[in-house]
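Notes follow once the structure below has been shown.
As the structure is a computational prediction, the values presented were derived from the model and not from experiment.
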Amino acid sequence: MGCGFCGAALPNIVATLVVDCVVKPVGRQLDYVRHFQDNVENLREKKRELADARDRLLHKIEDAKNRLLLIENDVQNLQSRADETLSDMGTLEEEIQLNKRCLKWCPNCSWRYQLSKKAKKKIQDISELLEKIGRLGPVGYRDPTALPTIDFLCSKEFVVSESSKAAVKQIIEALKDENINMIGLWGMGGVGKTTLVHEVGSQAPKLNLFDKVVITTVSQKPNFERIQDQIAQYIGFDMKNEQGRRSEQELWLRLKNEPRTLIILDDIWESINLKEKIGIPIGDDHKGCKVLLTTRRKRVCQIMECRPVVELDCLDDDEAWTLFEKKAGLDDFSDDSIKTPAKKIVKKCGGLPMAIVPLASALKGKTNCHEWQAAYRRLEGRRLTEIEDVDERNAYVILETSFDYLKDMVTKTCFLLCSLFPEDHEIYMEDLVGYAWGLELYKGMDSIKDVRSEVLASIEILKNSGLLLDSGEMHVKMHDVVRQFALWIASSRKEISFGTVETLPMDESFKHYTAISFETDQTDELPKGVGFPYLKLLLHGGNRFMETSTEFFEGMKALQVCALKYQSISLAAFKFNMNLRTLCLINCELSDISMLGKLRTLHILSLSQSDITELPTEAGNLENLRLLDLSYCDDLRRIAPNLIQRLSNLEELYLHGCSSLKWATENSTKKESYSSLSELNSLPKLVVISLDISSKHLPDGFVFRRLWSFDFCIGIKRPKWYQKSETCPISRSLRIEKSVDACKQLFENVESLQLNDVEGHPSLIPSLDLGFSKLTSLDLRLCHFMQCLIDAPKQQVPITTLSNLRKLSLSCMFDLEEICNAPQPQGFLQKLEEVIVSDCDKMQVLFPNVELGSIELEGPSSHLCLQSLKIVKIKRCNNLKYIFPISAANSLGQLHTLKIKSCSQLEDIIQDRQAAYKCLLQSLREVWLIDLPQLKGRDVNDIMLTQLSLQKLKELVFGKMTNQQLSNLHSCKYEDLEEDQTSSKHHPLPICFPNLILIDILECESLKSLFPIIVAQGSSKKLNAPNLQTLKIKRCFGMEEIIQDSQVSTISFQCLREVQVTECNNLKFLFPMCVAGSLGQLQTLKIESCSQLQEIIQGPEVLISMAQGLARLNEVELTDLPQLKGNDTNDIVLTSPSLHVLHVLVFSETTEKQLFEYSGYNVSSLKYLSLYKLTELRMIWSAPIQVEYFPNLTELVVHSCRRLRYIFLPTIARNFPQLRRLDIYVCEELEQIIEKDQTPSQHHLQPICFPNLSSITIISCVNLRCLFPITLAHGGLPKLYRLELEDIPLLEQVFEEDESNVSKDEEEVIHLPRLTHLKLDWLPYLISFSPLGSHFIFPSLTDLRVKDCPNIYTRFSVDSKDSVHAKTQVSQSVDEIIVEESATAQEIAWPIGSDIYWWNGEGGEDEKRLRVQLDHKLKRRGPSPGMGQVVRPRFEAPLKAKPPKSKEPKEDHSLALFGFDFGNGEWPPNVTTAGKSGVRSVVMACSCDGKREEERRLKLLGG
């Protein structure tokens, strides 16, 4: 029975298995085929749903970004998955459509099954993706450290408000928009526009928006030259040239070379044409240049077409109260009796920061409620009108309240005096001291030193009250709103009556003024006959030289202070001003200097930078004189003997910068007697001296007595950068060479000390002084035999020794072994901020090593503390073993710059290895380690490059380091860091340099790779340098790869802008393939002399990646790369669209035969193309090619391309609309510049034209026979400025006759209207400048040089209108041509074939003529064949000798005249000059055989 049952069940089981295992799967497969169309339709529907969901997600992401939120990682992943899925869907649909067409009449079940199955799977995937997107919460989150946010707006000056946050957001977004070029920010005065744009400007480079940010103030009356100078300074451009001043167009062209520039124009009052008035290229002229302007007038933004126009509103009530609380020192615990009137006061301020801050500062510290109530009543009572919005009148009233809260009238007067300076002027405090003394503001004070102290205290009060702004050492500025308020106050109160004169003529109201300031640039001459009977103070300063008549000062009987600049004036003008106490004549031309003796009421006299040669004896009559300033009077040679000692009340004497001043010495004769230094010690009240003096002028045994302030340069020339026109009355500075004996009484109080070549002192302390307790800066150079600075092991050193030292510089101290050989004083070097040491070969220890004994590193503070140290620079100290001792290891938290070079024995940065590892250099920003062969590798890894040390690192430079030292550069021993600093090992530290900007590796010959990816256990394979901008590697001969492991998963170089690799002969490729996608910001690529380099990016897929990735590349230089694959040169460096912004392209020393082979390249933005030593190059371009190929090329330089036969094809030559410069050098086989058009086409009908070509230089092209066809001269070179041809032995014609033209009987006149420089040199076969019958006219030519062209038949001449002519004619016999200037002879001509050197300057209508004649010997014998004379000079100002152009300007200004160098600007003995007029035109001629006359006399006659 059992068997029967089994037998019956078995077929059922088998049947079930067959159904489950065979039938059902087959059914499912058949379902795929049967429902193919349904699955495809469902898939399309799902695709539409996903696309809509993806778009909604993108909108959310965009909105989050606009709100400055960071996007969640899972959101970014879902967006990426959605993009990928939609991309895959496109591929699947293409496959469906393709197979449908192929099998339309014969459906394929296998095909239907496969695609239907794919569709079903894709539907499932999309459904899951849609579900996840639907479940998403917020897509972004706020990052408190992100920029731009409120955090980066927070500063000491910036007032954060909703309006300011919105304004910054709008501005930042606009700066990112490539279609926006000008942004306007407007708002009322004092609302904070200037501070806001300064903050934006400081952050723009950090956000990688711009490379350079330029900030300049325009003001109500703009000085465009000053604005241009400030812009030029930011971009390293000089607006001055040999001809005077560069034009707006030249600045415009220079700015176009800057790829990404933001120009901030602050305080614009009227619409300005930025291109014509300043030279700023924006819009279509230059997409990379943007302008951000501020103004008080919305209309200005609208007229100047700003987009967007951003308004900066005042603060709302809560923001205004928060600001007032902070500035007034109030808080939640302040008394309600004070807070109640305070809130009323804030309400009256109307949210204007310029009103809130001064008023709050004035009330700060007031504890009596009645004072607050009185302030509110005063404020309310003086409200001018009841209006809803705050305007400037309200601000004036509020500022008036702050003004009235100033304690005394003296401080108020100082404030009003500041308003007399020009708008945006940096006010020098010492000027205010002189004015205060002259006006007798501080009655009862008998010394200038005391008055100075009071003035500085008043200025501090004004700064703390918000009425003045700090502007650097001893300088302040006045906000323009505050200045306008001050002028309003000064003019509205009769008891003050201050004002500025901006326009003439003056009205009667000025007669009652007591103080007047003239703005020079508005007037050419001061008014005459205007009486000022009450005037006490007169200021007149500017940038233009003026003449001032004596009549102007008549009637100024009350004048006490007069300060003039850039005036030509007689001191007799002041003979009637009997009350004059302060007279400042700065940079003036003075006459009647002897009249000084009659100004007996003078207390302060400054003639700084004026042209006096001698202080007259009469000046000794100034018995009341307290201050005498003769600083930087370069021509001052003598002060009469005994004159100084007659000035018995003199307190301050300034003689620095008087390089020609001499003093009496033992060798002085009676005839040339001078004042003696001993006179200085005889003045009982003299407490301040500044002096530059030679060591030889110090009398034997002379010692300066004790002084309150001093600034001496003895035997040392004052540095150029130090030469300011301003005095430094509170400095205590000594710069001494050789002997210090004369200054030994000054050491006790000296603050800045420089000793050069001082011998005989084994130490600084105690040999020269016991403590130097006030010393802040110490600079020792070449002081032989000095072994240490402090040498007192057996003597107690004062506890204040060097306790205030902030800067220490030691140079060429060859015997110096250490700084301190004594018990360390308490607080020793505690304030030291900067250390610079070089060439101290015997130094073994830099900082003293305190023996700690059993004291732990973390123990008491008795050991050396370098808590203030920020900068350390050391080079060529070959005995130094380590930099920092163990006792200082934990005090280096402020160190931000460490540069060490060429210290052959240096082993450690920090003495103890374990202490070094625990040392945290969290502020480190710059590290240079160059040529340190003994430095131990663990130092580089475990000390300098620990994770926390790298958080702020911006600049990293290595040079001449071994492979062992650098092989683990980025392996920072993360296991230990994780154990010490993290609670879990599940957060591996990546190889991260979050702030690193520059890496520079120099001469590390054994270094094999720069970025190894072998990291510590547990670390991710991620190299992250998110802010790295510059990578430079030079002379690393052993380097095989920059990134060691090309399989690394992620390498981030998203900010990298510049890569330079030089002389790395083992390098075969620059970057692995994984880098190609992260180089989107790369702008500059320079590779030179890498003999094995084959590829820029490794990998076969590189072409597509590079084409898409190098979106910003604009400068490429490839030099001496013999193994570089041809495809790299063209298909990587020139792929489209990767170089659509390329500006500079340089090929050098490669084996290319042809560069631009087909029309697919897109280098439409290329501006500079240089081809150097392309020895196999036969042609640059080949047809067919797009005619618009190089629309922006401005410079083409071809050098040493010996196989090149021509430069341009005819079709190409017609399409260089922007070409400005063409330079060709040493091209041996070059025959033509433009290949002759052999196949006439439609282009032949179009004349060749270079509309902007301004400079052509061709040198040493031995096979070149002609330059251009004559047709090109007919309007084809309208802007040609310079043409130089040299050493072209086979050149026959400059402009060649067109063979198709029929010869004409009439003369053909051709103009080159802008040609100013023409040079033809060593062209022995040159027959003519142009064909026979052509007549060239050069109306603008100023420089003509023809040399060694003996066969030329073109005759050059100059007509009466100064135009140069060039006519080609048949050879004729000319025995003698004498050129004379007369009414009938209107032309100056040179003999055919003669050498010509002719230069013609430009002058005004009242020009005078200068005749340059040959030596009278030559005149006696008559002109030789080929000798000519010329008369054609002009001048309007004396010609000053110019220094030769070089990278470093030389002090020796020499005049180079046509190859002869006359040192120091003097004429040679055989050249004489007549009169004082400057040479503006010089012409020389010599015989046609090219030999110069050895002796030549030129008589230079000035009118």
Are any of the side-chain heavy atoms of [X] and [Y] separated by less than 4.5 Å?
X     : Y     : result
Y1397 : K1347 : yes
W1398 : V1358 : yes
L1171 : L1177 : yes
F1295 : L1267 : no
I1327 : T1354 : no
F237  : L251  : yes
V1294 : F1268 : no
I235  : R254  : yes

So, taking the atom named [atom1] in [X] and the one named [atom2] in [Y], what distance separates them when rounded to the nearest 0.5 Å?
X     : Y     : atom1 : atom2 : result
L1230 : S1260 : CG    : OG    : 12.0 Å
L1280 : I1256 : CG    : CD1   : 5.0 Å
D1287 : L1264 : CG    : CG    : 11.5 Å
D1395 : D1348 : CG    : CG    : 5.5 Å
T1175 : R1203 : OG1   : CZ    : 7.5 Å
L1196 : I1180 : CG    : CD1   : 5.5 Å

Pair [X], [Y]: side-chain N/O donor-acceptor within cut-off below 3.5 Å:
X     : Y     : answer
S1328 : Q1293 : yes
T1342 : N1400 : no
K1279 : N1252 : yes
E258  : H286  : no

Verify side-chain contact (heavy atoms from CB on, under 4.5 Å) between N257 and L253, making sure each step is shown before the conclusion. CA-CA 7 Å; N257 288 334; L253 292 172; 5.9 Å; no
Is the side chain of [X] donor-acceptor paired with the backbone N or O of [Y] at a distance under 3.5 Å, no angle test?
X     : Y     : result
T1316 : Y1281 : yes
R246  : D238  : yes
R245  : E225  : yes
R1214 : P1210 : yes
D1343 : W1399 : no
S1340 : P1313 : yes
E1296 : P1269 : no
T1257 : E1284 : no
T1368 : S1330 : yes

D285 with K275: basic N within carboxylate O range, under 4.0 Å: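 K275 and D285: salt-bridged.
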Is the shortest side-chain N to carboxylate O distance from E1195 to R1221 below 4.0 Å?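 Looking at E1195 and R1221, the cut-off is met.
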Pair F1208 and F1250, ring centroids less than 6.0 Å apart: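 So the answer is yes for these two rings.
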Looking only at heavy atoms, what is the nearest atom pair of [X] and [Y], with distance?
X     : Y     : result
H1365 : I1337 : ND1-CG1, 3.7 Å
L1209 : E1235 : CD2-OE1, 3.2 Å
S1334 : P1331 : OG-O, 2.5 Å
P1217 : P1251 : O-CG, 3.4 Å
S247  : M239  : O-CE, 4.0 Å
V1198 : C1227 : CG1-SG, 3.8 Å

Does the side-chain contact (heavy atoms from CB on, under 4.5 Å) test come out yes or no for V1197 and L1222, once each step is laid out? CA-CA 6 Å; V1197 179; L1222 175 63; over 6 Å; no
Hey, mind stepping through E1115 and K1086 against salt bridge (charged side-chain N to carboxylate O under 4.0 Å, His left out) and telling me if it holds? CA-CA 8 Å; E1115 184 173 355; K1086 297 182 180 181; 3.4 Å; yes
Test applied, side-chain contact (heavy atoms from CB on, under 4.5 Å); reference residue, I1207; option that passes from I1212, I1224, I1258, I1234: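 One option only clears the test, and that one is I1224.
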Among L1290, N1351, I1352, find the residue that satisfies the side-chain contact (heavy atoms from CB on, under 4.5 Å) test when tested with L1326.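 Of all the options given, the one that passes is I1352.
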Within a 6.0 Å radius of atom OH on Y1225, are there more than 12 heavy atoms belonging to other residues, nucleotides or ligands?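 Enclosed: over 12 neighbouring heavy atoms sit under 6.0 Å from OH of Y1225.
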Parallel, tilted or perpendicular: which describes the rings of Y1172 and H1199, with under 30° parallel and over 60° perpendicular?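 Rings of Y1172 and H1199: perpendicular, as their planes differ by over 60°.
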Stepwise side-chain contact (heavy atoms from CB on, under 4.5 Å) test for E1176 and R1202: CA-CA 8 Å; E1176 299 300 321; R1202 59 188 180 90; 4.0 Å; yes
Begin from the C-alpha positions of E1231 and R1205 and carry the test salt bridge (charged side-chain N to carboxylate O under 4.0 Å, His left out) through to its verdict. CA-CA 5 Å; E1231 298 176 359; R1205 293 187 295 107; 5.3 Å; no
Test I1310 against I1270 for side-chain contact (heavy atoms from CB on, under 4.5 Å), laying out the working first. CA-CA 10 Å; I1310 303 172; I1270 190 66; 3.7 Å; yes
